[in-house]
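Data block below; observations after.
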Amino acid sequence: MKVLVINAGSSSIKYQLFEMPEQKVLAKGVLEKIGEENSVLSHKTDDKTVQFTQPIQNHELGMQLITKILTDPKIGVIKNIAEISAVGHRVVHGGEKFTGSCLITKEVIDAIQEYADLAPLHNPPNLTGIKAATAILPNIPQVAAFDTAFHQTMPKYAYIYGIPYEYYEKYKVRRYGFHGTSHRYVARRAAVLLGKNKTEANIITCHLGNGCSITAVLAGNSVDNSMGLTPLEGLVMGTRAGDIDPGLIFYLAERLQLSIPQITQILNKKSGLLGISGISNDVRNLLEEADKGNERAKLAIDVFCYRVKKYIGAYMAVLGRTDAIVFTGGIGENATSLREKICDNLDWFGIILDRELNAKTQRIEQCISAPESRVKVFVIPTDEEARIAFDTCEIATKLNNKKI
């Protein structure tokens, strides 16, 4: 079975075509700058990488270009789009309605739209991608994999906010958690590396990239995640503020005469590493500037690492016994100095890093803790697309069996 996995953004479509159940990647790529004159498609296979630049006005035309490339006689990997058996879509917010991946129906589309207010930067583009893929591939199963689904095992006391309960009853205002597909994938891999069943392992998973979150995984289930009602809560991120005093919003509104949309833009797009440093949201740039003596770049890194360290400590208290800590995502997999800084002075908690091994570990699956460390520390590259492909294949297979 060939499964196409789609991650649609507001002006981009990331894609991977898998041969399932082997989870072999046949091709992958990204179409960027949709809606602009210089839209760019980068397409990769085992033996070559090609790039095309042409105007792509919308996501449906983008999907047409992607399927055209996939079936191209010279650089494609399939002869006809009919070879694609199912499409899996990453969807950020599924609220309380979804505890796992599911077949996309009208009811599912309505629910994705319903939760668009809680993930305005993600759900609308995700929905656009679903509609575009359905238009191009109308007769095959379309599956939604929700970032929030893995966290639906959080206990009520972990997700209820300290505000009037009626807001939860009427509007489902609560903490949801995000990056669930990534946290689920690396937690399962960590359990394997520990030689444990997933139900035997207590793991803290740190997904650190432009968006960042940490999950406490107790006996295979998510019991807390640093993100909340929206992906804005929690860690300091590339351009997101993370945890703040709610009073700050009212202070800014009154002092600077800012509207709610303006404050939303500041907290989501102008804060975090970018806001603190005033330079960049890219850790690589900040490390270079810090080495040159830039104090605000150094401060941004210090704040970032401190917040991660604080959450690790909190989640160790939540779990009671911690078997492993996992670093994943662009920063987690590559920023060796930040991993060292985060784990520094955690010996008391049984976390002892092998500094030499850590310094050599980038983009590979590796245990980076010292032999005497009671808590294992892993770097595990995330593979959300593989997890989505697996779920999509499973749902499509069950659907085909029912038809038979």
Side-chain angles (χ1 to χ4, degrees), residues 99 147-162 174-208 212-228 233-236 242-243 304-329 331-333 338-354 358 365-380 382 387:
T99 58
D147 273 8
T148 50
F150 181 55
H151 304 302
Q152 288 305 295
T153 51
M154 286 196 300
K156 200 166 189 175
Y157 57 75
Y159 68 69
I160 288 293
Y161 284 116
R174 49 158 286 185
R175 302 183 66 252
Y176 287 97
F178 295 89
H179 292 141
T181 306
S182 174
H183 288 293
R184 181 186 175 199
Y185 175 83
V186 298
R188 298 292 185 263
R189 280 298 306 153
V192 171
L193 296 174
L194 288 167
K196 294 177 176 284
N197 185 282
K198 67 180 183 181
T199 60
E200 300 171 331
N202 294 349
I203 300 166
I204 297 172
T205 53
C206 306
H207 179 106
L208 308 178
C212 303
S213 67
I214 297 184
T215 296
V217 181
L218 178 67
N221 293 320
S222 169
V223 293
D224 207 346
N225 176 266
S226 56
M227 288 180 164
E233 186 180 346
L235 301 173
V236 167
D243 292 337
F304 179 90
C305 294
Y306 174 78
R307 190 70 63 86
V308 176
K309 185 194 294 276
K310 188 164 73 168
Y311 264 95
I312 288 174
Y315 284 172
M316 290 187 78
V318 167
L319 294 177
R321 186 202 80 239
T322 302
D323 298 304
I325 295 169
V326 177
F327 288 99
T328 193
I331 296 173
E333 296 167 23
L338 269 65
R339 293 197 303 254
E340 181 175 333
K341 193 175 185 67
I342 291 165
C343 293
D344 192 38
N345 291 324
L346 292 181
D347 305 42
W348 179 260
F349 295 93
I351 301 168
I352 305 172
L353 209 63
D354 183 325
N358 172 63
E365 190 173 273
Q366 179 70 56
C367 177
I368 57 170
S369 51
E372 66 271 24
S373 181
R374 178 174 55 79
V375 179
K376 298 296 182 185
V377 183
F378 295 108
V379 174
I380 301 178
T382 191
R387 187 68 250 179

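Just so it is clear, the model here is predicted, and its values are computed rather than measured. Computed over heavy atoms, backbone and side chain alike; hydrogens, waters and symmetry mates excluded.
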Treating Ser369 as the side-chain partner and Val377 as the backbone partner, does any N or O pair qualify as donor plus acceptor under 3.5 Å?
yes
I'd like to check the side-chain contact (heavy atoms from CB on, under 4.5 Å) partners of Arg188; sequence neighbours left out, ordered by chain and number.
Phe150, Arg184, Lys198
Which residues pass the side-chain contact (heavy atoms from CB on, under 4.5 Å) test with Leu218, not counting sequence neighbours?
Asn202, Val223, Leu319
Output the distance between atom CE (Met316) and atom CZ (Phe349), rounded to the nearest 0.5 Å.
6.5 Å
In this structure, CD of Gln366 is separated from CD of Glu333 (nearest 0.5 Å) by 13.5 Å
For Thr153, check side-chain contact (heavy atoms from CB on, under 4.5 Å) against everything at least two apart and list the hits.
Asn221, Ser222
Within a strict 4.5 Å, meaning less than it, do heavy atoms of the Asn225 and Thr215 side chains meet?
yes
Not counting sequence neighbours, which residues clear side chain to side chain donor-acceptor pair (under 3.5 Å) with Thr205? List them please.
His183
Show every salt bridge (charged side-chain N to carboxylate O under 4.0 Å, His left out) that has at least one partner inside residues 150-162, sequence neighbours left out.
none
For Glu233, give me all partners under side-chain contact (heavy atoms from CB on, under 4.5 Å), at least two apart in sequence or on another chain.
Tyr161, Arg175, Asp243
Any non-hydrogen side-chain atom of Thr148 less than 4.5 Å from a side-chain atom of Phe178?
yes
Least distance between heavy atoms, Ala201 atom then Ile203 atom
CB-CD1, 3.7 Å
Any side-chain heavy atom of Val326 within less than 4.5 Å of one from Arg189?
no
Yes or no on side chain to side chain contact (heavy atoms under 4.5 Å, CB included) for Val186 and Phe378, after CA distance, side-chain angles and deciding distance?
CA-CA 10 Å; Val186 298; Phe378 295 108; over 6 Å; no
Pairs under 3.5 angstrom only: tabulate donor-acceptor contacts from the side chains of residues 341-348 to other protein residues two or more places apart or in another chain.
from, atom 1, to, atom 2, distance (Å)
Lys341, NZ, Asp302, OD1, 3.1
Asp344, OD1, Arg355, NH2, 3.1

Can you name the one residue among Val375, Asp224, Ile325 that meets side chain to side chain contact (heavy atoms under 4.5 Å, CB included) with Ile204?
Ile325
Thr382: side chain to side chain donor-acceptor pair (under 3.5 Å) partners, not counting sequence neighbours
Ser182
Any salt bridge (charged side-chain N to carboxylate O under 4.0 Å, His left out) involving residues 310-325? Give me the pairs, sequence neighbours left out, ordered by first then second residue.
Arg321-Asp323
Output all residues satisfying salt bridge (Lys or Arg N to Asp or Glu O under 4.0 Å) with Arg387, sequence neighbours left out; order by chain, then residue number.
Asp391
Please name all residues satisfying side chain to side chain donor-acceptor pair (under 3.5 Å) with Asn358, sequence neighbours left out, ordered by chain then number.
Arg339
Close side-chain approach of Tyr306 to Val236, heavy-atom, < 4.5 Å
no
Which heavy-atom pair separates Ser213 from His179 by the least distance, and what is that distance?
OG-ND1, 2.8 Å
Do Tyr315 side-chain atoms and Ser226 backbone N/O form a donor-acceptor pair below 3.5 Å?
yes
Between Arg174 and Tyr176, is NZ or CZ placed under 6.0 angstrom from the six-membered ring centre and within 45° of the ring axis?
yes
Give the C-alpha distance, both sets of side-chain angles, the deciding distance and a yes or no for side chain to side chain contact (heavy atoms under 4.5 Å, CB included) between Lys376 and Leu193.
CA-CA 10 Å; Lys376 298 296 182 185; Leu193 296 174; over 6 Å; no
Output yes when a side-chain donor or acceptor of Thr328 lies under 3.5 Å from a complementary backbone atom of Ile380, and no otherwise.
yes
Nearest heavy-atom pair of Gly332 and Phe327: which atoms, and what distance?
O-CB, 3.4 Å
Return the SG to NZ distance between Cys206 and Lys309, rounded to the nearest 0.5 Å.
11.5 Å
For Arg374, side chain to side chain donor-acceptor pair (under 3.5 Å) partners two or more places apart
none
